[in-house]
Protein chains: 2
Amino acid sequence: MDKSAHLFLENQLCFPIYATSRLITRLYKPYLNEIGLTYPQYLVMMVLWQEDSIKVSAIGDQLLLNTNTITPLLKTMKQKGLLQKIKSTTDERVTVIELTKSGQDLKIKAAEIPQKMQYDSQIPSEELDQLRTGMWKMLKYLQE
Amino acid sequence: MDKSAHLFLENQLCFPIYATSRLITRLYKPYLNEIGLTYPQYLVMMVLWQEDSIKVSAIGDQLLLNTNTITPLLKTMKQKGLLQKIKSTTDERVTVIELTKSGQDLKIKAAEIPQKMQYDSQIPSEELDQLRTGMWKMLKYLQE
DNA sequence: CTTATTTTTGTCGTGCACGATATAAAGATA
DNA sequence: TATCTTTATATCGTGCACGACAAAAATAAG
């Protein structure tokens with residue numbers, strides 16, 4: 001068997017996942033723009049809506065991100081007034097993240113996004129086709 | 001039904017795909033480091049190993065990337081001596097990308113990576129567990 | 001008690017992604 | 001022919017990801 005056959009894009013699972021991930025971010029972007037969030041910021045908010053007042057590292061554990069990515073994210077989100085950073089009194093190394101009122105309220109608007117997307121016909125059909133193709137390739141591989 | 005139930009990470013397909021994509025890039029990194037490529041550069045090379053002497057936009061079509069991402073990628077890859085950029089004579093707008101000898105030769109080393117990864121026990125088991133979890137979540141959703 | 005190690009968070013530099021925009025060539029239209 | 005539109009590529013600014021490293025607090029070891 002030719003080893004280099006592995007090197008074609010269609011023969012690998014990695015590329016469809018990489019491409020699909022970017023396509024999903026693109027689909028979310030217009031809806032997240034309306035509520036002033038980027039996709040990674042939206043993920044951080046989902047963690048905080050589920051469990052408020054948690055350590056920086058606890059956010060990273062859920063999102064599989066390191067502090068060198070999360071710290072700058074939290075910095076801009078604090079500037080937007082979504083959250084505040086509080087030094088733990090029991091352990092001075094720990095920073096606890098708490099949502100502000102504004103951050104909590106955003107959950108209501110965010111909750112409408114999945115429904116909006118589902119029934120929104122304004123999503124370019126080309127993008128949806130690419131997403132379907134990517135999903136299909138992933139499914140094909142995962143089922144083998 | 002509570003609309004906000006959609007906002008938990010586990011209830012969405014988007015997050016597992018996003019996380020899995022980054023995990024895969026992390027798994028490839030040490031092997032790609034050995035041959036001096038980043039993951040996006042590796043994808044560009046796979047396109048070129050499959051079909052040499054193609055337009056910049058043709059690479060973008062396959063990788064679902066725009067020229068504002070690909071152009072800088074090609075610039076650094078040219079500096080590494082992997083490829084060269086040639087202005088088309090028939091259409092002066094078009095830039096054709098051709099692999100150098102060094103770029104073609106890299107295919108042999110790259111072809112060993114999938115096998116290496118498969119039998120390499122040095123991959124941290126924690127990372128593999130996270131990858132399995134992500135894959136499993138995707139599969140669960142795609143099969144519904 | 002002092003020193004060494006670990007834990008938690010943060011900083012910095014590099015390399016993508018991508019929206020907005022620019023530039024030049026090719027083609028279309030008046 | 002002059003001008004308008006389209007196409008292909010490139011530039012610029014912003015925001016992640018992440019490796020390498022740093023700093024400070026907590027804990028462990030001697």
Side-chain angles (χ1 to χ4, degrees), chain A residues 15 17-30 32-33 36-45 54-61 63-80 83 85-97 124 127 130, chain B residues 15 17-30 32-33 36-45 54-61 63-80 83 85-97 124 127 130:
Chain A
F15 171 67
I17 292 177
Y18 160 81
T20 304
S21 176
R22 286 185 299 104
L23 286 170
I24 289 175
T25 307
R26 279 183 218 170
L27 287 184
Y28 270 85
K29 179 157 266 176
L32 291 174
N33 273 345
L37 292 177
T38 66
Y39 186 70
Q41 286 166 12
Y42 172 63
L43 293 177
V44 171
M45 290 304 285
I54 58 172
K55 290 165 57 179
V56 172
S57 57
I59 299 171
D61 290 343
L63 300 182
L64 306 182
L65 286 169
N66 220 318
T67 55
N68 52 7
T69 299
I70 294 176
T71 300
L73 260 174
L74 293 175
K75 192 180 171 186
T76 61
M77 292 171 76
K78 183 186 174 183
Q79 286 166 354
K80 289 183 184 179
L83 50 82
K85 301 165 87 171
I86 299 157
K87 275 278 169 204
S88 168
T89 49
T90 55
D91 187 338
E92 295 251 329
R93 293 170 303 180
V94 173
T95 302
V96 174
I97 304 299
E127 286 186 14
Q130 290 174 343
Chain B
F15 172 68
I17 292 177
Y18 160 82
T20 304
S21 176
R22 287 186 296 108
L23 286 170
I24 289 174
T25 308
R26 279 184 218 171
L27 287 183
Y28 271 85
K29 180 156 264 175
L32 292 175
N33 274 346
L37 291 178
T38 66
Y39 185 71
Q41 287 167 12
Y42 172 62
L43 293 177
V44 171
M45 290 305 285
I54 58 173
K55 292 165 54 179
V56 172
S57 57
I59 300 172
D61 289 344
L63 300 182
L64 307 183
L65 286 169
N66 221 317
T67 55
N68 52 9
T69 299
I70 294 175
T71 300
L73 260 174
L74 294 175
K75 192 180 170 187
T76 61
M77 292 170 78
K78 184 186 173 182
Q79 286 168 353
K80 289 182 183 179
L83 49 84
K85 300 166 88 169
I86 298 156
K87 275 278 170 204
S88 168
T89 49
T90 54
D91 187 338
E92 295 247 331
R93 293 170 303 179
V94 173
T95 302
V96 174
I97 304 299
E127 286 185 13
Q130 290 174 343

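Residue numbering restarts at 1 for every chain, and letters A, B, ... go by the order of the sequence lines.
With hydrogens and angles ignored, a donor-acceptor pair under 3.5 angstrom links the side chain of A:Thr67 to the base of C:dG10.
Checking the phosphate oxygens (OP1, OP2) of C:dG15, no side-chain nitrogen or oxygen of B:Thr76 falls inside 4.0 Å. Side-chain N/O atoms of B:Tyr39 include none lying less than 4.0 angstrom from OP1 or OP2 on C:dG15. The shortest distance between the side-chain N/O atoms of B:Lys55 and the OP1/OP2 oxygens of D:dA8 is below 4.0 Å. Checking the phosphate oxygens (OP1, OP2) of C:dG10, a side-chain nitrogen or oxygen of A:Lys85 falls inside 4.0 Å. OP1 or OP2 of D:dC16 has at least one side-chain nitrogen or oxygen of A:Thr38 nearer than 4.0 Å. For B:Ser57, a side-chain nitrogen or oxygen approaches OP1 or OP2 of D:dT9 to under 4.0 Å. Note on A:Thr71: a side-chain N or O is less than 4.0 Å away from OP1 or OP2 of C:dG10.
Per the geometry, CG belonging to A:Leu32 stands 15 Å off C1' belonging to C:dC18, to the nearest Å. Whole-Å rounding puts the A:Tyr42 OH to D:dG15 C1' distance at 19 Å. Going from atom CG of A:Leu73 over to atom C1' of C:dG10 covers 14 Å, rounded to whole Å. Counting to the nearest Å, the P atom of D:dG15 and the CE atom of A:Met77 are 13 Å from each other. Residue B:Leu65 contributes atom CG, which lies 7 Å from atom P of C:dA17 at whole-angstrom precision. Taking atom OH of A:Tyr28 as the reference point, atom C1' of C:dG19 lies 21 Å away to the nearest angstrom. If you take OH of A:Tyr18 and P of D:dC16, they are 17 Å apart, rounded to a whole angstrom. In this structure, the NZ atom of A:Lys75 is 14 Å from the C1' atom of C:dT9, given to the nearest Å.
Taking 4.5 Å as the limit, every side-chain heavy atom of B:Ile17 sits out of range of all side-chain heavy atoms of B:Thr20. With contacts defined as side-chain heavy-atom distances shorter than 4.5 Å, the pair B:Lys29/B:Thr25 does not qualify. Using a 4.5 Å cut-off on side-chain heavy atoms (C-beta onward), A:Thr95 and A:Lys87 make contact.
Between the B:Arg22 side chain and the A:Leu65 main chain, no donor and acceptor come within less than 3.5 Å of each other. The backbone N or O of B:Thr67 lies less than 3.5 Å from a partner atom in the side chain of B:Thr71, making a donor-acceptor pair.
Note on A:Ile70: nothing from the nucleic acid sits closer than 4.0 angstrom, heavy atoms only.
Nearer the 5' end of DNA chain C, as judged by each residue's closest nucleotide, is the contact made by A:Pro72, out of B:Gln41 and A:Pro72. Nearest-nucleotide positions on DNA chain D place A:Leu64 closer to the 5' end than the other of A:Leu64 and A:Asp91.
Taking CG of B:Leu83 as the start and CD1 of B:Ile59 as the end, the distance is 7.5 Å to the nearest 0.5 Å.
Residue A:Arg22 has its side chain nearest to C:dC18 when only C:dC18, D:dT9, D:dA26 are considered.
Around NZ of B:Lys85, the count of heavy atoms belonging to other residues, nucleotides or ligands within 6.0 Å exceeds 12.
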Problem set entry | side-chain contact (heavy atoms from CB on, under 4.5 Å) evaluation trace for A:Leu74 with A:Ile97 | CA-CA 9 Å; A:Leu74 293 175; A:Ile97 304 299; 3.7 Å; yes
Under 3.5 Å between N/O atoms: give me all the protein pairs with nucleotides 19-23 of chain D, atom names plus distance.
from	atom 1	to	atom 2	distance (Å)
D:dG19	N7	A:Asn68	ND2	2.7
D:dG19	O6	A:Asn68	ND2	2.9
D:dA20	N6	A:Asn68	ND2	3.3

Heteroatom pairs (N/O) under 3.5 angstrom, protein to nucleotides 4-6 of chain C:
none

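Between B:Tyr18 and A:Tyr39, the ring planes are perpendicular. Angles over 60° get that label, and only those under 30° would be called parallel.
The side chain to side chain contact (heavy atoms under 4.5 Å, CB included) test applied to B:Ile86 returns B:Gln84, B:Glu98, not counting sequence neighbours.
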